[in-house]
Engineer: 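Can you keep this structure in mind? I'll have questions shortly.
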Amino acid sequence: MSEQTASAAPGAVPASGENPAPASGENPAPASGENPVPATAAPTGRRAAAAIGRLALIGPDRVDEYRDLLQAAYAKNVELGVHFKASDASREDVLAHLRENIAYGITGPDGALISTVSLRMPWGPNPGHLGLPHIGWLATDPAHSGQGLGRELLDALVEQVLAGLLHAPAVSLGTAQDHPWLGAYYQRLGFEPVGSADLGLGHITDFYIRPIDPASYAGWRARHADLLKGLTS
């Protein structure tokens, strides 16, 4: 997943910068078979609009529910032999993640969390590798996989938070290079591969960026050319 993404199946999403997801800058997993999201603009479709109304902040008071969702969603990655920090994060690790990052979720009719994504800020205690807002842990309850919730959640995050509040030029994520389908999933969601790095996580991390505002993203790339050159192609 991002290195922080959880993949319960090509429909479950977890993420880290890794998820995605995790402490490393990697990230999430999306539902297979979904149509790509244009990489040059924030989404304005009905699904994103619906998700915006359902998007809620997740605080430390929901740590146990949040951890249960992460472990269920990331279990498939463990079966695939790909390890993300979210896969076996302790309650203390998850609590620290909620305190150091911003987590959002979508809830079902009963109010239970069914999909979640965390955002690692460049100015926070757990920044991503590229100096952009970075997707951390991305996860969807396996019972709700295949419904496009990962896409819906990310689109809402881009439209409501990254574009609407932060005016970010782009968002980044990282995921394990040896994961069989996460890279392709992220590209279907509008993320572009920008290079790889060994972060000491037991696997090579592939980094992806999803442009949000084309003009400001072009300026960001020009200013950070050296940083991007530091990644292996």
Side-chain angles (χ1 to χ4, degrees), residues 1-2 4-16 19-22 27-35 37 43-79 84-120 135-162 164-165 171 173 182 185-186 188-189:
M1 319 236 30
S2 89
Q4 300 197 15
T5 296
S7 81
V13 181
S16 78
N19 204 253
N27 303 276
S32 60
E34 294 184 351
N35 294 324
V37 174
T44 56
R46 286 179 296 174
R47 290 185 67 83
I52 285 175
R54 303 164 64 192
L55 200 61
L57 281 169
I58 301 172
D61 59 312
R62 303 188 78 165
V63 59
D64 294 313
E65 182 184 10
Y66 183 58
R67 182 177 180 234
D68 289 346
L69 174 58
L70 292 172
Q71 292 187 338
Y74 278 86
K76 184 63 175 180
N77 293 311
V78 176
E79 294 175 11
F84 295 107
K85 186 175 180 179
S87 303
D88 58 3
S90 67
R91 188 177 191 277
E92 291 70 26
D93 291 335
V94 174
L95 193 57
H97 189 81
L98 287 172
R99 287 172 172 164
E100 294 176 355
N101 307 287
I102 302 174
Y104 295 91
I106 293 177
T107 58
D110 61 354
L113 283 175
I114 58 175
S115 189
T116 179
V117 61
S118 60
L119 196 58
R120 298 163 58 184
I135 301 297
W137 295 344
L138 174 62
T140 293
D141 184 340
H144 296 272
S145 65
Q147 299 177 23
L149 289 174
R151 171 188 295 275
E152 183 178 349
L153 184 57
L154 285 175
D155 284 355
L157 182 72
V158 168
E159 183 170 333
Q160 180 174 342
V161 180
L162 294 167
L165 295 178
V171 61
L173 65 76
L182 275 179
Y185 170 73
Y186 291 128
R188 290 198 302 274
L189 297 186

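FYI, side chains are in, hydrogens and waters are out, and symmetry mates aren't considered; it's all heavy atoms of this structure.
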Engineer: Give, for atom CD1 of Ile106 and atom CD1 of Ile58, the distance between the pair rounded to the nearest 0.5 Å.
Structural biologist: 10.0 Å
Engineer: How far does CG of Asp88 sit from CG of Leu70, to the nearest 0.5 angstrom?
Structural biologist: 11.0 Å
Engineer: For Ala89 versus Trp137, what's the shortest heavy-atom pair and its separation?
Structural biologist: CB-CH2, 4.1 Å
Engineer: Can you give me the closest heavy-atom contact between Arg67 and Arg91, atom names plus distance?
Structural biologist: NE-N, 3.6 Å
Engineer: Could you report the tightest heavy-atom contact between Ala72 and Pro142, atom names first, then the distance?
Structural biologist: O-CG, 3.4 Å
Engineer: Only counting residues at least two apart or in another chain, list the ones meeting salt bridge (Lys or Arg N to Asp or Glu O under 4.0 Å) with Arg99.
Structural biologist: none
Engineer: For Asp93, give me all partners under salt bridge (Lys or Arg N to Asp or Glu O under 4.0 Å), at least two apart in sequence or on another chain.
Structural biologist: none
Engineer: Output the distance between atom CG (Leu153) and atom CG (Leu55), rounded to the nearest 0.5 Å.
Structural biologist: 6.0 Å
Engineer: Less than 4.5 Å apart, any side-chain heavy atom of Tyr104 and any of Thr116?
Structural biologist: no
Engineer: For Ser145, is there any backbone N or O sitting under 3.5 Å from a side-chain donor or acceptor partner on Thr140?
Structural biologist: no
Engineer: How long is the gap from CG on Leu154 to CG on Leu149, to the nearest 0.5 Å?
Structural biologist: 11.0 Å
Engineer: Taking the side chain as every heavy atom from C-beta outward, state whether Leu157 and Leu162 have any atom pair closer than 4.5 Å.
Structural biologist: yes
Engineer: Rounded to the nearest 0.5 Å, what separation is found between the CG atom of Leu173 and the CG atom of Leu119?
Structural biologist: 11.0 Å
Engineer: Using the salt bridge (Lys or Arg N to Asp or Glu O under 4.0 Å) criterion, which residues pair with Arg62? Sequence neighbours excluded.
Structural biologist: Glu65
